[in-house]
Enquirer: 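Shown below is the structure under consideration.
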Amino acid sequence: MKLIKHIGVLTSGGDAPGMNAAIRAVVRTAIAKGVKTSGIYHGYNGLVKDEVKPLTMRDVSYIISRGGTMLKSSRSDEFRTKEGRARAHEVIIKHGLDALIVIGGDGSMTGAKIFQEEFDVPVIGIPGTIDNDIFGTDFTIGFDTAVNVAMECIDKIRDTASSHDRLFLVEVMGRDTGHIALRTALASGAVAVLVPEGPMSINELHEHLAYLKSKNKSSNIIIVAEGNPTGNAFEVAQKLEALQPSYETRVSVIGHIQRGGSPSAADRVLAAELGTFAVESLLEGARGVMVGVIDRKMVRTPIEEAINQRNGLNEELLRISDYLSV
Ligand code: F6P
């Protein structure tokens, strides 16, 4: 097995708070082990276009608290083609990179897997996305911060909702999963959460709101995951008003605010664990795996499994939220 003396690291797909902390952990662990690191800028695009620069210990100073990614990110069309990946491989050879650490979501993991299979370049994935939709880890880097940001926004919305006795539909991100929605709903005391994994019909929602009214509840906050099959927050509001014109609804879409800001302590610590473990895993000979933390233990999952399985919603949280959403 070829010795790993030089690692390339990149961030790919949607940025997530904590990616910088992960880059820092990769660079510093590698230096501690006598291994060089180079940063690849703009994700897989930068690998195709040769945007590679060595990273020193000081290059990653003061980034632990910064959101976004210092290496920039992209969703690369070129890397999806065989020719694009062949160019990326030439860049790997040119810079003498022995392995790749990819920080990103499931699309980024898929790219890493294909690249390793085609060119035999050892890759390790680190799950970084606010969506928490990757199998093989309890939490992805960025998820906790996104939930905290959404919760802070909703705490503010609650003040105005309660002053005017209004019904607020708040839409959060999560692509086609409801992880952010469910956790945010629980953290912010919402009366309902609409997620793709177990959608509530508009009639069921209407009945629930009628029940709450009978219990003298005057203002309500409902969290809608962006992938909710019964409609986005605006559509749900319209459908509710069609059923009951007396509803005074307002809609708030939190959007990309959830992807920004300083990472939470939980995300920074997770990034430190996963960045370090990714380098250690490479040096121990692991290949084609994604690192994660499950039940507080660092684990490796073959990328193939990570991308082919779904990270289901936390059933316990769903159960608890049934009692508390009143
Ligand atoms: O995957 C992260 C995410 O923020 C999703 O929650 C959302 O659906 C998507 O990216 C938005 O993508 P873009 O930044 O390209 O608009």
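Counting convention: from 1, in listed order, for ligands and their atoms alike.
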Enquirer: Please report the C-alpha distance between D144 and N148 in whole Å, then the side-chain angles of each, then the deciding distance to 0.1 Å, and finally whether the side-chain hydrogen bond (donor to acceptor under 3.5 Å, both in side chains) criterion is met.
Expert: CA-CA 6 Å; D144 183 68; N148 274 287; 3.2 Å; yes
Enquirer: Would a 4.5 Å heavy-atom cut-off, applied to side chains only, mark V326 and V191 as touching?
Expert: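 The answer is no; the side chains never approach within 4.5 Å.
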Enquirer: For Q258, state whether at least one heavy atom is located under 4.0 Å from any atom of ligand 1.
Expert: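 Q258: no contact with ligand 1 (<4.0 Å).
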Enquirer: Considering only heavy atoms from C-beta outward, does the side chain of L71 approach that of I23 to under 4.5 Å?
Expert: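 A side-chain contact under 4.5 Å exists here.
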Enquirer: Which ligand 1 atoms does I130 reach within 4.0 Å, using its non-hydrogen atoms?
Expert: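 Matching atoms, with element in brackets: 4 (O).
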Enquirer: For atom 9 (C) of ligand 1, find the nearest protein heavy atom and state the residue, atom name and distance (0.1 Å precision).
Expert: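 Result: R175 NH2, 3.8 Å.
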Enquirer: Going by atom types alone, do R300 and S281 pair a side-chain donor with an acceptor below 3.5 Å?
Expert: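 R300 vs S281: donor-acceptor pair found between side chains.
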Enquirer: Can an N or O of G174 be found at a distance shorter than 3.5 Å from an N or O of ligand 1?
Expert: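 Right, the criterion is met.
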Enquirer: Decide yes or no for I134 and M290: does some side-chain heavy atom of the first lie under 4.5 Å from some side-chain heavy atom of the second?
Expert: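 Yes - at least one pair of side-chain heavy atoms lies under 4.5 Å apart.
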Enquirer: Anything under 30° is parallel, anything over 60° is perpendicular, the rest tilted; go ahead and classify Y44 against F79.
Expert: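 Rings of Y44 and F79: parallel, under 30°.
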Enquirer: Given D106, D131, T129, identify the one with the heavy atom nearest to atom 5 (C) of ligand 1.
Expert: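 Comparing heavy atoms across D106, D131, T129, the nearest one to atom 5 (C) of ligand 1 lies in D131.
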Enquirer: What is the nearest protein non-hydrogen atom to atom 15 (O) of ligand 1, stated with its residue, atom name and distance?
Expert: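 Protein heavy atom with the smallest distance to atom 15 (O) of ligand 1: R75 NH1, 2.6 Å.
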Enquirer: Considering only heavy atoms, which of M173, E226, H179, R259 lies nearest to atom 10 (O) of ligand 1?
Expert: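 Checking each option, the heavy atom nearest atom 10 (O) of ligand 1 is found in R259.
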Enquirer: Mark up the atoms of ligand 1 that fall under 4.0 Å of a heavy atom belonging to H256, in ascending order.
Expert: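 So the atoms of ligand 1 that pass are 13 (P), 14 (O), 16 (O).
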